[in-house]
Each structure stands twice: as C-alpha cells, then as structure tokens.
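What you see is a predicted model; the values in this text were computed from it and never measured. Numbers here are sequence positions counted from 1.
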Amino acid sequence: MSSASIMTAPQHIQEQQRKHAPGASGDFSWLLTGITLAGKMVAAEVRRAGLNDVLGATDDVNVQGEVQQQLDVFANNALIHCLGSRGNVGVLASEENENPVVVRDSRDGNHGDEYVVVFDPLDGSSNIDLNVSVGTIFAIFRRDSADTDSPEKDVLKPGIEQLAAGYVLYGSSTMLVYTTGDGVDGFTLDPMIGAFVLSHPKIKMPEKGNIYSVNEAYADSFPTYCRHYLHWLKSGTDDTVYRSRYIGSLVADFHRTLLKGGIFMYPGTGIYKDGKLRLMYEANPIAFLAEQAGGLATTGFERILDIEPTDIHQRTPLFVGSRYEMEQLHAFAKKPPKV
Ligand code: AHG
Ligand code: MN
Ligand code: MN
C-alpha cells in the first residue's frame, strides 16, 4: 500500500468532522486518538501476554462480582490514563469501576466540548489465558453543559445519544471498528508504522446470514419464544442450514456477525434474568454499530438504543444481527419491538 493511499483513523475522523461538523474544534478526533493509543498499548500487552507475567487472575473481584484478570486491570488503567489526559473528557465510566471517574469536576463553561466515555476495557477476559480473541468496547457521549450534581447523570444516557461507538478487537490482527453515525469503518493496526489504517470502509451487515451465535448451555432457561426461535433456526424451515458459532467474547462474536450476518443472542437466563451483557458499555455500542451497518439490535421487544438507563452497570438481554434473522426473532416474540 503506497503511503499516498494510507488513511489512518485520526485522519478519517478529521475528515468525518469536516464533513459533518465543519465548525467542530477537532476535539473529537483528539479524543479518539486517546482510544487508539490505549488500544495499541493493550494490543502490545495482549500480544506478549504469554511472555510477560500478565496472564491469570488478580486477587480482586470487580463490581460485577467477577474475578479481575490482570489484563482487565492493565487495560482499564491504560484507558483511564490515555483518555483522562485528553483535556476534553469530563467523566469516564468503566465496567471495572463501580463509580464514574470524574476527570474534571468543575465546569466553568470555558472548556469547550466535553465528553463522557464509557467502556469495557477488556471484553472476553475469561478467554485471555487461552489465546482467544478479546476486545475493548467504547461509547462516547457529549457531557451536558448543564451542571449535574452527580457524574452518574452525565453517564446515564440512552444509546441514541451516543456520538460515537466502537471496539478494538485483539484478534489475528488488531482492528478498530467505529461509527460516528455515518456508517461503520474498520481499521487494521499496521505494526510497521504503528497506525490504524483504513482496511474495511463502510462495512455493511448482510441482510441475511447463516450463522447463529448463543451459549446453548443455558437454552433450557431461555424465554419460551427464544427456545422456539432456536428450534426454528435449527430446523431449516426457511431453506437455510444455519451453523452455530460461539467464541464467548462479545466483540469477536459480534465482529463475525457484522461481517457475515446472522444473529448473536444473549437472552435472559436462569443465572442472569436480564441477560449477562451490560447496557452502557457492551449492548449500546454494539447496537449503534449494528444499526449503522444495516442490522438491528433489540431486547427481543425493545430497541436497545431506546432504553433509558437507570444504573451504569445494568444488564440487558441482547439480540443483534441481520434484518432477516432479527425480524424472524421478533415474530416469535409476538410483540414486534418499536424499531
Ligand atoms: P467481560 O469479559 O467484559 O466480562 O465480558 C464477557 C461477556 C462477553 O464478552 C461474552 O459474550 C459473554 O461474557 C460470554 O458469557 P458466557 O460465558 O456466559 O457465555
Ligand atoms: Mn464484556
Ligand atoms: Mn470486561
């Protein structure tokens, strides 16, 4: 690839900004470089995980009640450091922190645009010791100018208010996939130049796929409509023979769904009645990307992006995928969602 044809993520964001917000201060692209920098730091650590002593669990349990992996902590610290130093981030909310991290608590109005970033620093961390793909998921909101007496209020916004969302996938290559509301673009980290280079412009999710992705170990406790739908997928009633793929890292399972189509499901289960995945930093960013690529994302009954959050760590059932498979699911759910 000649240097003339290279389009890096920051250049791309600048172009997006010029196109959509000519008057924007360039703050946004500067903010996104905080995420790409953290992504490169985590990628370097993940790629060497077997060599330096970062595998395995810590002695700590996070707010989710899950044992923290060492790389959860590393990734969390990298994001807080890289985003906290951007100068235009007011509040950070992480899966690994019970409460929001207030980067700047006084807003005298002279700070220009300020942003809120919510993130899952390392998604799929139970896979990290097994050399299976993991990821970082993020969403960016504007911080309201009106002072709020609690940072939670800055964070608790419905997914439709996301300015941008995306993920970094630490897989066979390291990819950044993000949207600012004008489609979905994918960038591959070129280790030779240390930059995320545009490799998947304007990703479109296939209208229909032939893969379904769900942890079938919990199938007996899925809602009835969901069990019926799963049976329908397997019975080949619509002349498609569906295959099952489940990696156990949301970012990897979604990335495949984004590129190949089909459906990913994490319904309510006997263990997690509202589903295991968290709304703010897993379901919302994934839903924004899915819709921007032409797919759908719902709870089975309600559009994910319309959910009014009440808690930073609240969970939600998540069904996300191609229009065809999602519409079939909604038919089984009998109450078509308001999408
Ligand atoms: P995290 O590692 O951030 O806690 O996320 C793990 C999530 C998600 O990545 C994946 O889809 C899901 O857990 C898998 O859950 P099960 O092991 O219950 O299938
Ligand atoms: Mn996760
Ligand atoms: Mn995580």
Side-chain angles (χ1 to χ4, degrees), residues 31 34-35 37-39 41-42 57-108 111 113-126 135-168 250 272-288 304-305 307-316 318:
L31 168 61
I35 288 172
L37 175 60
M41 290 167 68
V42 176
T58 66
D59 299 333
D60 299 320
V61 171
N62 66 12
V63 63
Q64 320 287 336
E66 293 158 351
V67 174
Q68 274 188 321
Q69 303 298 312
Q70 291 185 68
L71 272 173
D72 281 326
V73 176
F74 177 87
N76 199 39
N77 292 339
L79 277 154
I80 290 174
H81 169 73
C82 293
L83 288 168
S85 59
R86 291 292 107 172
N88 57 2
V89 173
V91 180
L92 296 170
S94 166
E95 176 198 28
E96 300 301 332
N97 293 68
E98 180 161 8
N99 302 306
V101 177
V102 178
V103 182
R104 231 219 306 267
D105 53 7
S106 65
R107 264 170 296 169
D108 54 18
H111 296 309
D113 281 343
E114 263 200 0
Y115 300 99
V116 175
V117 186
V118 298
F119 55 86
D120 174 359
L122 200 69
D123 171 71
S125 46
S126 59
T136 295
I137 312 173
F138 66 89
I140 301 171
F141 295 90
R142 188 175 304 290
R143 189 182 193 184
D144 290 334
S145 54
D147 264 350
T148 56
D149 51 13
S150 86
E152 282 76 10
K153 285 192 190 151
D154 283 318
V155 175
L156 292 176
K157 295 180 176 177
I160 44 172
E161 292 186 29
Q162 291 172 115
L163 293 177
Y167 55 80
V168 182
L250 171 63
Y272 298 104
K273 66 174 179 48
D274 293 325
K276 175 183 181 185
L277 300 176
R278 279 60 52 127
L279 173 66
M280 292 305 295
Y281 41 79
E282 288 175 317
N284 266 340
I286 293 299
F288 191 11
I304 293 287
L305 297 182
I307 299 175
E308 285 291 342
T310 53
D311 180 273
I312 294 173
H313 301 294
Q314 75 185 67
R315 300 177 194 267
T316 177
L318 174 64

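- In this structure, K276 has no salt bridge (charged side-chain N to carboxylate O under 4.0 Å, His left out) partners at least two apart in sequence or on a different chain.
- Residues that satisfy the side chain to side chain contact (heavy atoms under 4.5 Å, CB included) test with A93, not counting sequence neighbours, are V118, V155, I312.
- With sequence neighbours left out, D311 forms a side chain to side chain contact (heavy atoms under 4.5 Å, CB included) with H313, Q314.
- The minimum heavy-atom distance between V42 and F74, with the atom names listed, is CA-CE2, 4.0 Å.
- The closest side-chain heavy-atom distance from K157 to D144 is below 4.5 Å.
- By the side chain to side chain contact (heavy atoms under 4.5 Å, CB included) test, T316 pairs with L279, A283, T299, I304, I307, sequence neighbours left out.
- Closest approach of Q162 to N284, counting heavy atoms only: NE2-O, 3.3 Å.
- The side chain to side chain donor-acceptor pair (under 3.5 Å) search around R86 returns T33, not counting sequence neighbours.
- The side chain to side chain donor-acceptor pair (under 3.5 Å) test applied to D120 returns no partner, not counting sequence neighbours.
- Residues M41 and A78 come closest through the heavy atom pair CE-CB, 4.0 Å.
- Residues forming a side chain to side chain contact (heavy atoms under 4.5 Å, CB included) with L92 (at least two apart in sequence, or on another chain): I80, L83, V89, V101, V103, V117, F119.
- Each salt bridge (charged side-chain N to carboxylate O under 4.0 Å, His left out) pair with one or both residues in residues 87-102, not counting sequence neighbours, appears once here: E95-R278.
- Looking only at distances, a side-chain donor or acceptor of T136 sits under 3.5 Å from a matching main-chain atom of P121.
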